[in-house]
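Report on the following structure.
The structure displayed is predicted, hence computed values, not measured ones. So that the names make sense, note that chain A is the first sequence line, chain B the second, and so on, each numbered from 1.
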Protein chains: 2
Amino acid sequence: MPNRKITIEDIAQQANVSISTVSRVLRKSSGVAADKREAVLQAVSELDYRPNVFAQSLASGQSMTIGVITQNFGSPVYDGILQGILLGLEGTDYSSLFADGRWDKTIEQNALQAFVDRRVDGLIFVGGQLSESIMVEVGHKTPLILVARTIGSLAENCIHFDNFQAAYDLTRYLLDMGHRNIAHITAKMHYQETVSDVSQRYAGYAQALTDAGIPVDPQLVVEGNLMQQSGSLAVEMLLMAKRPFSAIFAANDQMAFGARLALYRRGIRVPDDISLVGFDDEIMAAFSIPPLTTVRQPSVEMGQAAAAAILDLIDGKPVANQIFRSKIIVRESVARLR
Amino acid sequence: MPNRKITIEDIAQQANVSISTVSRVLRKSSGVAADKREAVLQAVSELDYRPNVFAQSLASGQSMTIGVITQNFGSPVYDGILQGILLGLEGTDYSSLFADGRWDKTIEQNALQAFVDRRVDGLIFVGGQLSESIMVEVGHKTPLILVARTIGSLAENCIHFDNFQAAYDLTRYLLDMGHRNIAHITAKMHYQETVSDVSQRYAGYAQALTDAGIPVDPQLVVEGNLMQQSGSLAVEMLLMAKRPFSAIFAANDQMAFGARLALYRRGIRVPDDISLVGFDDEIMAAFSIPPLTTVRQPSVEMGQAAAAAILDLIDGKPVANQIFRSKIIVRESVARLR
DNA sequence: CATTTATTTGAAAACGTTTTCAAAATGATA
DNA sequence: TATCATTTTGAAAACGTTTTCAAATAAATG
């Protein structure tokens with residue numbers, strides 16, 4: 001391997017041109033004679049030249065870097081989105097910087113600051129709870145995409161999934177299967193200023209019931225925190241209330257799994273005694289006992305869309321506000337009520 | 001907000017010192033009079049100065065960046081490790097660059113190249129299948145830590161988990177519970193040069209059997225690919241072979257879940273008819289039906305250890321070859337054979 | 001063929017730091 | 001108080017690119 005770091009200057013010398021010319025062919029800009037271009041390219045590969053990204057960034061102002069701020073490393077849906085982003089960035093010249101905000105405003109703010117300091121060319125938020133005004137301000141300075149979060153004034157920049165519609169459809173499905181007393185496990189979100197995915201799911205559930213002429217019974221709506229454990233607790237509370245129900249709609253699969261375990265402990269069969277549906281279609285949904293009926297959230301695809309969108313934004317192209325359709329995945333956790 | 005980007009020069013002017021002095025106090029190096037230091041600090045906060053990382057990197061040769069190459073974004077164990085890394089880097093001046101090699105040598109190689117081009121100060125591999133010689137060469141140039149992979153000549157740099165011992169203990173546990181015919185679902189790894197986690201688990205299983213005077217029956221060892229689906233297939237194959245067995249040891253939880261589903265489909269009860277154990281203790285293990293007995297792999301902790309280690313390595317401190325102990329998590333998927 | 005216009009080129013000026021080196025200021029020693 | 005060692009300081013030279021600007025060359029026009 002070469003002892004000394006070889007620079008653009010070495011290439012220039014080897015190819016018998018000026019460094020400006022070298023830079024030009026590397027930058028793929030126009031106006032370079034074919035023979036010189038050839039000579040440069042030849043020298044580049046001969047010397048195995050690797051441009052210094054810092055120098056490039058310093059001179060050009062571009063970092064060739066995308067900052068990704070997630071909130072929930074380890075959650076299947078969020079990880080799926082990250083995976084999609086990584087996939088979407090593969091093969092481009094951009095690398096991705098990651099940070100986990102952990103649903104903590106301060107941590108998220110720090111991560112944002114770190115990324116701004118690093119002059120990221122684009123910013124992708126996966127969830128998040130920074131105030132709308134901060135987000136707008138950020139979006140003003142840096143290309144910005146939001147996934148799994150919707151902000152009204154930034155609608156264009158949101159990779160959108162219609163949680164309301166999906167929850168509505170899923171509830172409708174339960175209704176069609178003959179269920180009338182449907183419990184819902186939701187979750188309280190920390191931030192108020194913006195409409196959260198989870199609250200939209202609740203809204204869809206409520207609307208479907210209302211449209212079917214069934215009043216929403218507060219006793220059948222209980223709050224978890226999106227983790228499995230809280231699903232178990234929710235079922236305990238539901239059972240305690242003595243208000244009969246034949247189906248449970250959990251706002252995400254993880255809570256559905258927790259619910260499933262609590263039912264198992266009580267000897268309540270699924271779906272024979274109680275039907276259960278989740279939301280997200282994470283991998284385990286297909287392998288739970290029984291396989292879980294749920295609605296698919298195309299997380300990887302959304303991540304890829306986010307990557308494509310941020311790239312477009314950086315290129316100055318307009319970005320179409322992508323909205324993903326849901327799809328109910330019918331498996332074996334719902335029984336038809338006769 | 002300030003219109004023009006403010007630089008070290010603005011600070012120098014405001015504080016009435018030279019830029020060298022400003023740089024010195026910012027670099028925390030010695031030999032700066034208290035009053036000047038104060039003045040600089042004051043100017044910095046007044047003007048809300050943010051150093052340009054590119055210029056810093058260009059001048060100093062440090063990128064303040066750690067490259068993380070994983071293989072399996074979306075797999076619970078690997079994601080846990082990544083989460084730990086992020087956690088361990090939080091609050092330091094380092095940011096982390098991520099890439100997913102997807103168990104593809106070419107992709108992994110490209111990711112490595114991209115990181116080297118970005119002059120990362122440290123490199124963490126989570127799994128991986130680049131040849132030992134490449135890894136050694138890389139480790140020669142850049143501080144390097146390997147998690148979830150062991151390379152003999154790089155033992156110091158490996159965050160180690162004793163897969164052999166854990167698998168041995170787990171098999172021993174099955175033996176103690178009275179099982180004599182224990183099937184094993186393993187996985188073929190793509191790379192041969194290095195001892196893979198999974199093959200170590202197989203070795204532990206085999207050794208425990210041998211030590212108990214039970215020969216390893218090839219008919220009871222079947223290969224999956226670590227995904228849930230392959231666990232189901234493995235069980236089908238096992239059942240097909242007509243060779244009786246009372247317990248299954250899957251080399252990871254995901255395949256155990258798959259196995260569980262296949263058994264459910266056949267109406268075979270767990271643990272009443274067949275006992276089942278996994279490996280990893282991913283979150284879902286506690287919520288499967290029945291809750292899965294498995295061995296805990298402290299992924300988040302290993303990630304944090306990796307972060308700490310790479311930081312030490314960068315600081316020139318020697319790094320202790322961390323080895324994590326396993327712990328069997330006994331839940332409800334194993335029955336005592338009478 | 002003489003001009004004008006368009007295309008290629010290279011010199012040199014950014015980009016914003018860190019770091020080396022020598023000068024200046026300070027403190028200690030005799 | 002003069003001398004020497006130390007500590008503080010600032011000027012200027014890296015770091016390796018991109019980019020502006022003007023010069024040089026080539027092509028097109030009348």
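Here the side chains of Asp79(B) and Phe73(B) are in contact, with some heavy-atom distance below 4.5 Å. In this structure, the side chains of Val68(B) and Phe98(A) stay at 4.5 Å or more apart for every pair of heavy atoms.
Look at CG on Leu58(B): it is 13 Å from P on dA14(D), rounded to the nearest Å. Between Ile8(B) atom CD1 and dT18(C) atom C1' there is a gap of 8 Å when expressed in whole angstrom units. Separating the CZ atom of Phe54(B) from the P atom of dA14(C) is a distance of 21 Å, rounded to the nearest angstrom. Look at CZ on Arg27(A): it is 7 Å from P on dT19(D), rounded to the nearest Å. Atom CD of Glu9(A) and atom P of dT18(D) are 13 Å apart (whole Å). Atom CG of Asn52(B) is separated from atom P of dC15(D) by 18 Å (rounded to the nearest Å). Nucleotide dC15(C) holds its P atom 17 Å from the CD atom of Gln56(B), rounded to whole Å. At whole-Å resolution of the value, CD1 in Ile11(A) and P in dG16(D) are 13 Å apart.
Residue Ala59(B) places its side chain closer to dC15(D) than to any other of dC15(D), dA12(D), dC15(C).
Side chain to side chain, Glu46(B) and Gln42(B) meet the donor-acceptor criterion of an N or O pair below 3.5 Å. Arg118(A) and Ser95(B) form a side-chain donor-acceptor contact under 3.5 Å, judged by distance and modelled atom types alone.
Panel note: side chain Thr65(B), backbone Ser96(B); no donor-acceptor pair is recorded below 3.5 Å. Without hydrogens or angle criteria, Gln322(A) side chain to Ile159(A) main chain gives no donor-acceptor distance under 3.5 Å.
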Q.
Assess the residue pair Asn72(A) and Val77(A) against the criterion (side chain to side chain contact (heavy atoms under 4.5 Å, CB included)); give the C-alpha distance rounded to whole Å, side-chain angles, the decisive distance to 0.1 Å, and a yes or no.
A. CA-CA 9 Å; Asn72(A) 232 347; Val77(A) 181; over 6 Å; no
Q) What do the steps show when you test Gln14(A) against Ile11(A) for side chain to side chain contact (heavy atoms under 4.5 Å, CB included), and what is the final call? A) CA-CA 5 Å; Gln14(A) 172 111 353; Ile11(A) 304 296; 5.7 Å; no
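The C1' atoms of five pairs define one axis at each end of the helix from dC1(C)-dG30(D) to dA30(C)-dT1(D), and these two axes lie 40° apart (to 10°).
Remark: Ser20(B) is not in phosphate contact with dT9(D), judged by side-chain N or O atoms under 4.0 Å from OP1 or OP2.
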For residues 301-314 of chain A, which side-chain donor-acceptor pairs fall under 3.5 Å, sequence neighbours excluded?
from	atom 1	to	atom 2	distance (Å)
Glu301(A)	OE1	Arg296(A)	NH2	3.3
Glu301(A)	OE2	Arg296(A)	NH2	2.9

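For residues 52-74 of chain B, the set of pairs meeting the salt bridge (Lys or Arg N to Asp or Glu O under 4.0 Å) definition, not counting sequence neighbours, is empty. Listed by first then second residue, pairs satisfying side chain to side chain donor-acceptor pair (under 3.5 Å) with a partner in residues 82-92 of chain B read Arg102(A)-Glu90(B), not counting sequence neighbours.
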Look for any protein N or O under 3.5 Å of an N or O in nucleotides 5-9 of chain C and output each such pair with its distance, or none.
from	atom 1	to	atom 2	distance (Å)
dT9(C)	OP2	Ala33(A)	N	3.1

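Nearer the 5' end of DNA chain D, as judged by each residue's closest nucleotide, is the contact made by Ile19(B), out of Ala55(B) and Ile19(B).
Looking at residues 111-119 of chain A, you'll see that no heavy atom sits under 4.0 Å from any atom of DNA chain D.
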